[in-house]
> 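Would you mind keeping the following structure in view while I ask a few things?
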Amino acid sequence: MIFEMGLKAENGAIRFTSGRQFAFLGKLKIPVPSLIRGDIELLEWYDNEKQKFYLDLKVTSKLLGPLFGFTGWFDAEYLVFKEPTIPQKFKPIRKENRE
């Protein structure tokens with residue numbers, strides 16, 4: 001599955017919204033009808049005082065209504081890499097080029 005993603009800055013946060021979605025059957029790229037897809041809306045922001053990232057996620061379907069949601073926070077650790085390449089342990093396990 002792949003989908004288009006829109007983003008917009010608002011009040012110190014970033015809002016991500018999904019657009020058209022596609023499924024793959026072999027090398028065939030098939031559009032997922034809007035009636036059955038899961039539409040994503042994610043609001044992400046950082047609280048300087050608490051030094052935490054916050055998320056508010058909603059996944060809905062035109063056919064089934066609310067499917068999934070999450071509201072919470074996480075901490076991040078920033079690592080300085082002195083090497084010119086990313087260490088293997090931080091790379092994806094699987095990579096597939098579609099477009």
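Please read these numbers as outputs of a predicted model, since none were measured by experiment.
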> Quick one: side chain to side chain donor-acceptor pair (under 3.5 Å) partners of Glu10, sequence neighbours excluded?
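Once residues adjacent in sequence are excluded, the partners of Glu10 under the side chain to side chain donor-acceptor pair (under 3.5 Å) criterion are Arg15.
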> Give a yes or no on whether Ile30 atom CD1 has more than 12 heavy-atom contacts from other residues, nucleotides or ligands under 6.0 Å away.
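Atom CD1 in Ile30 is crowded, with more than 12 foreign heavy atoms closer than 6.0 Å.
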> Counting only heavy atoms from other residues, nucleotides and ligands, does the tally under 6.0 Å from NZ of Lys8 exceed 12?
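No, the 6.0 Å shell around NZ holds no more than 12 heavy atoms from other groups.
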> Got a second to check how far Phe24's CZ is from Lys29's NZ, nearest 0.5 Å?
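Taking CZ in Phe24 and NZ in Lys29, the distance rounds to 5.5 Å.
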> Are Phe3 and Leu28 linked, directly or through intermediate hydrophobic residues, by side-chain heavy-atom contacts shorter than 4.5 Å (ILVMFWY only)?
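Looking at the clustering, Phe3 is in a separate group from Leu28.
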> Nearest 0.5 Å, please: how far is CD in Gln21 from CE in Met5?
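One gets 9.0 Å once the value is rounded to the nearest 0.5 Å.
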> I'd like to know whether CD of Gln51 has more than 12 heavy-atom contacts from other residues, nucleotides or ligands below 6.0 angstrom.
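Open: at most 12 neighbouring heavy atoms sit under 6.0 Å from CD of Gln51.
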> Please determine whether residues Phe74 and Trp45 belong to a single hydrophobic cluster, defined as Ile, Leu, Val, Met, Phe, Trp and Tyr linked transitively by side-chain heavy-atom distances below 4.5 Å.
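Result: no, two separate clusters.
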> If Ile, Leu, Val, Met, Phe, Trp and Tyr residues are connected whenever their side-chain heavy atoms lie under 4.5 Å apart, and connections chain through other members, are Val32 and Phe68 in the same group?
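Same cluster: Val32 reaches Phe68 through Ile, Leu, Val, Met, Phe, Trp or Tyr contacts under 4.5 Å.
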> Evaluate the side-chain proximity of Phe22 to Met1: yes if any heavy-atom separation is below 4.5 Å, no if none is.
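Of all side-chain heavy-atom pairs linking Phe22 with Met1, none is under 4.5 Å.
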> State the CD-OG distance between Glu4 and Ser18, to the nearest 0.5 angstrom.
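It is 9.5 Å, given to the nearest 0.5 Å.
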> Run the ring pair (Phe, Tyr, Trp, His ring centres under 6.0 Å) test against Phe70 and tell me which residues pass, sequence neighbours left out.
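For Phe70, no residue satisfies ring pair (Phe, Tyr, Trp, His ring centres under 6.0 Å) once neighbours in sequence are set aside.
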> Name each donor-acceptor pair under 3.5 Å that joins a side chain in residues 54-63 to protein atoms two or more places apart or in another chain, with its distance.
residue: Asp56; atom: OD1; partner: Thr71; partner atom: OG1; Å: 2.9
residue: Asp56; atom: OD2; partner: Lys58; partner atom: NZ; Å: 3.1
residue: Ser61; atom: OG; partner: Leu63; partner atom: N; Å: 3.1
residue: Ser61; atom: OG; partner: Leu64; partner atom: N; Å: 3.1

> Scan for side-chain hydrogen bond (donor to acceptor under 3.5 Å, both in side chains) pairs involving residues 72-82, sequence neighbours excluded, and state none if there are none.
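Of all non-adjacent pairs touching residues 72-82, those that pass side-chain hydrogen bond (donor to acceptor under 3.5 Å, both in side chains) are Lys52-Asp75.
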> According to side chain to side chain donor-acceptor pair (under 3.5 Å), who are the partners of Gln88, at least two apart in sequence or on a separate chain?
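Listed in chain order: nothing, the list is empty.
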> Tell me the closest heavy-atom pair linking Ile86 and Lys91, and the distance in Å.
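Answer, listing the atom of Ile86 first, then Lys91: O-CE, 3.2 Å.
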> At what distance, to the nearest 0.5 angstrom, does CD of Glu41 lie from CG of Leu43?
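If we round to the nearest 0.5 Å, Glu41:CD and Leu43:CG are 8.0 Å apart.
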> Considering residues at least two apart in sequence or located in another chain, which fulfil the ring pair (Phe, Tyr, Trp, His ring centres under 6.0 Å) criterion with Tyr46?
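With neighbours one apart ignored, the set is Phe53.
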> Say you draw a straight line from OG1 of Thr85 to CZ of Phe90; how long is it, rounded to the nearest 0.5 Å?
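Taking OG1 in Thr85 and CZ in Phe90, the distance rounds to 12.0 Å.
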> Roughly how far, to the nearest 0.5 Å, is the CG atom of Leu42 from the OG1 atom of Thr17?
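Those atoms lie 10.0 Å apart.
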> Suppose we screen for salt bridge (Lys or Arg N to Asp or Glu O under 4.0 Å). Which residues come up paired with Glu49, at least two apart in sequence or across chains?
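Salt bridge (Lys or Arg N to Asp or Glu O under 4.0 Å) check on Glu49 returns nothing, list empty.
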